[in-house]
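Working notes, beginning with the structure itself.
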There are 2 protein chains.
Amino acid sequence: MNTLAEENYLKAIYHLSLSDANVSTNQIAAALNTKAASVTDMLKKLADKELINYEKYQGVTLTAAGEKIALQIIRKHRLWEYFLVEKLNFKWDEVHEMAEEMEHISSVELIDRLDKFMDYPKHDPHGDPIPDRDGNFKKHELKPIASLAVNEGGIISGVRDHSATFLQYLEKQQLTIGKKITVTEIIDYDHSMILQVEQTTIHISREVAKNLLVAI
Amino acid sequence: MNTLAEENYLKAIYHLSLSDANVSTNQIAAALNTKAASVTDMLKKLADKELINYEKYQGVTLTAAGEKIALQIIRKHRLWEYFLVEKLNFKWDEVHEMAEEMEHISSVELIDRLDKFMDYPKHDPHGDPIPDRDGNFKKHELKPIASLAVNEGGIISGVRDHSATFLQYLEKQQLTIGKKITVTEIIDYDHSMILQVEQTTIHISREVAKNLLVAI
DNA sequence: ATTTATTTTTAGACAAGTCTAAAAATTTTA
DNA sequence: TAAAATTTTTAGACTTGTCTAAAAATAAAT
């Protein structure tokens, strides 16, 4: 089995790979709040285990084996988040830290039974897709509200920023997963947007619009 | 906070304290499957943190602070075991290893909500009492079936041996928590016992009788 | 196309937790 | 109660994962 640190590296590399095919040492250091030297040490270990493809100074990619492990950890993280929100009534901005611990519980049988217990949810409380036991999931085609034009709209289905402060802001504005929104106006000056959400009108900054995702 | 190793030591010392007031280095080493030298090292650390009372060669006891931590870990272990059996349908002989990992999830809020979710169970699947959030529980007065005389009986309410093989044996014989038993005969030769359990008669060895507990 | 800046790696060190081997303390036995 | 056996502790070493400081490689800029 892999250590906790190894699992966290694989997960970080997976997430970073979504934006950049080749992930750099510094990116990983920033993501894991550690130093580049420590990252280099760990990359050697992961390469020895053939979980990543690594050549000095060239950054890394996950091997098939590494990606499989990363997806299993992400599956566990998201299923536990769903559990915490749907069964234990935590709010969506409270569950990340707990799930960071719970994702390292090793039993596969446990997570499969948890999945069944909750009736095989497809998305976590933030709208992120939950991989099935084989690591498969269909990555939903979401776009930031910032990319919409006036009179376009969609269903709020995910966030780009998972920070508690952003989630709390969305909660307060009732901009939660599943709500239907339409862009009614875009302010030239600062690219802020005015949305129609059910009966109410909400004004959001470009910053928010870039981090809130809708399905068309 | 405490490391995983520290938590495991405190828990082991707590359990060993139930039989012997002063717990020896070797007892701890045996319980944790480690070496006496390693135990000595850890005892120094725990003593520095004032979680145990330790004097060289004299064995250890938990301080109030140490016992509080031990009871919190035991609370978590038993609540997760209950969850695994009652919600995820694991069998009582399958849950120990998983709970050993889950008991180290740190959030207190999480465990309190889990407790509420399951409607505040009083005992885990093996009959062991679950401490409340303040560490309080009433230790049930159980006695081994081996201590009963002919025509005495009681309700099966706990086990002394928690091994999977013993639990599987009990399951197969239908000697499970809650069953009412009566001793109908004790064999002089080997002290084995014949029990009446509902409609059936079961013959158990003295070994089994010593490890199966009843409430009178 | 060199110099400058940035990124990455190497080298050496440290803390936590473990080990083996040997010394010290305690307990048992004769 | 002195020798033998057992238990516990000390001493020194190893592994994992981390760090800082400095060297090497790569990228950017004049």
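Here is the naming used below: chain letters follow the sequence lines, and residue numbers restart at 1 for every chain. The figures here come from the full heavy-atom set of this structure, side chains too, leaving out hydrogens, waters and symmetry mates.
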Query - Test: B/Lys11 and B/Glu7 ion pair at under 4.0 Å - result: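 No salt bridge links B/Lys11 with B/Glu7.
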Query - Sidechain N-carboxylate O distance under 4.0 Å for B/Lys49, B/Glu6 - result: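 Here B/Lys49 pairs with B/Glu6 in a salt bridge, since their nearest N and O are under 4.0 Å apart.
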Please enumerate all residues that pass ring pair (Phe, Tyr, Trp, His ring centres under 6.0 Å) together with [X], with sequence neighbours excluded.
X        : value
A/His96  : A/His77
A/Tyr9   : none
A/His162 : A/His126

Review item, side-chain donor-acceptor pairs of residues 54-63 of chain A, under 3.5 Å, at least two apart:
{"from": "A/Thr61", "atom 1": "OG1", "to": "A/Asn53", "atom 2": "OD1", "distance (Å)": "3.0"}
{"from": "A/Thr63", "atom 1": "OG1", "to": "A/Glu50", "atom 2": "O", "distance (Å)": "2.9"}
{"from": "A/Thr63", "atom 1": "OG1", "to": "A/Leu51", "atom 2": "O", "distance (Å)": "3.1"}
{"from": "A/Thr63", "atom 1": "OG1", "to": "A/Ala65", "atom 2": "N", "distance (Å)": "3.4"}
{"from": "A/Thr63", "atom 1": "OG1", "to": "A/Gly66", "atom 2": "N", "distance (Å)": "3.1"}

Atom pairs and distances, donor-acceptor, side-chain atoms in residues 203-210 of chain A, under 3.5 Å, two or more places apart:
{"from": "A/His203", "atom 1": "NE2", "to": "A/Ser192", "atom 2": "OG", "distance (Å)": "2.8"}
{"from": "A/Ser205", "atom 1": "OG", "to": "A/Glu207", "atom 2": "N", "distance (Å)": "3.4"}
{"from": "A/Ser205", "atom 1": "OG", "to": "A/Val208", "atom 2": "N", "distance (Å)": "3.2"}

Query - side chain to side chain donor-acceptor pair (under 3.5 Å) partners of B/Glu185, counting only residues at least two apart - result: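 Partners of B/Glu185 under the side chain to side chain donor-acceptor pair (under 3.5 Å) test: none.
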**Report entry** For DNA chain D, the residues among residues 3-13 of chain A that have a non-hydrogen atom under 4.0 Å from it
**Finding:**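 Here the set is A/Thr3, A/Tyr9.
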Report task. Identify, residue by residue, the members of residues 43-63 of chain B with a heavy atom below 4.0 Å from DNA chain D, and return them in order of residue number, or none. Result ->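 Under 4.0 Å from DNA chain D: B/Lys44, B/Tyr54, B/Lys56, B/Tyr57.
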Query - Outermost nucleotides of DNA chain D that come under 4.0 Å of a non-hydrogen atom of chain B - result: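 Range of nucleotides within reach of chain B: D/dT7 to D/dT10.
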Report task. Output all residues satisfying side chain to side chain contact (heavy atoms under 4.5 Å, CB included) with A/Ile177, sequence neighbours left out; order by chain, then residue number. Result ->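 Only A/Trp92 meet the side chain to side chain contact (heavy atoms under 4.5 Å, CB included) criterion with A/Ile177.
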Query raised in the report: Near DNA chain C, which residues from residues 23-36 of chain B have a heavy atom under 4.0 Å away?
Result: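 Contacting residues: B/Thr34, B/Lys35.
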Query raised in the report: Under the side-chain hydrogen bond (donor to acceptor under 3.5 Å, both in side chains) rule, what pairs show up with a residue in residues 114-125 of chain A, not counting sequence neighbours?
Result: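 Sorted pair list: A/Arg75-A/Asp115.
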Query raised in the report: Is it the case that B/Lys87 places NZ or CZ above or below the six-membered ring of B/Phe117, under 6.0 angstrom from the centre and within 45 degrees of the axis?
Result: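 Judged by the rule, B/Lys87 and B/Phe117 form a cation-pi pair.
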Query raised in the report: Do B/Asn26 and B/Ser24 meet the criterion of a side-chain donor-acceptor pair at a distance under 3.5 Å?
Result: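 No - no donor-acceptor pair under 3.5 Å links their side chains.
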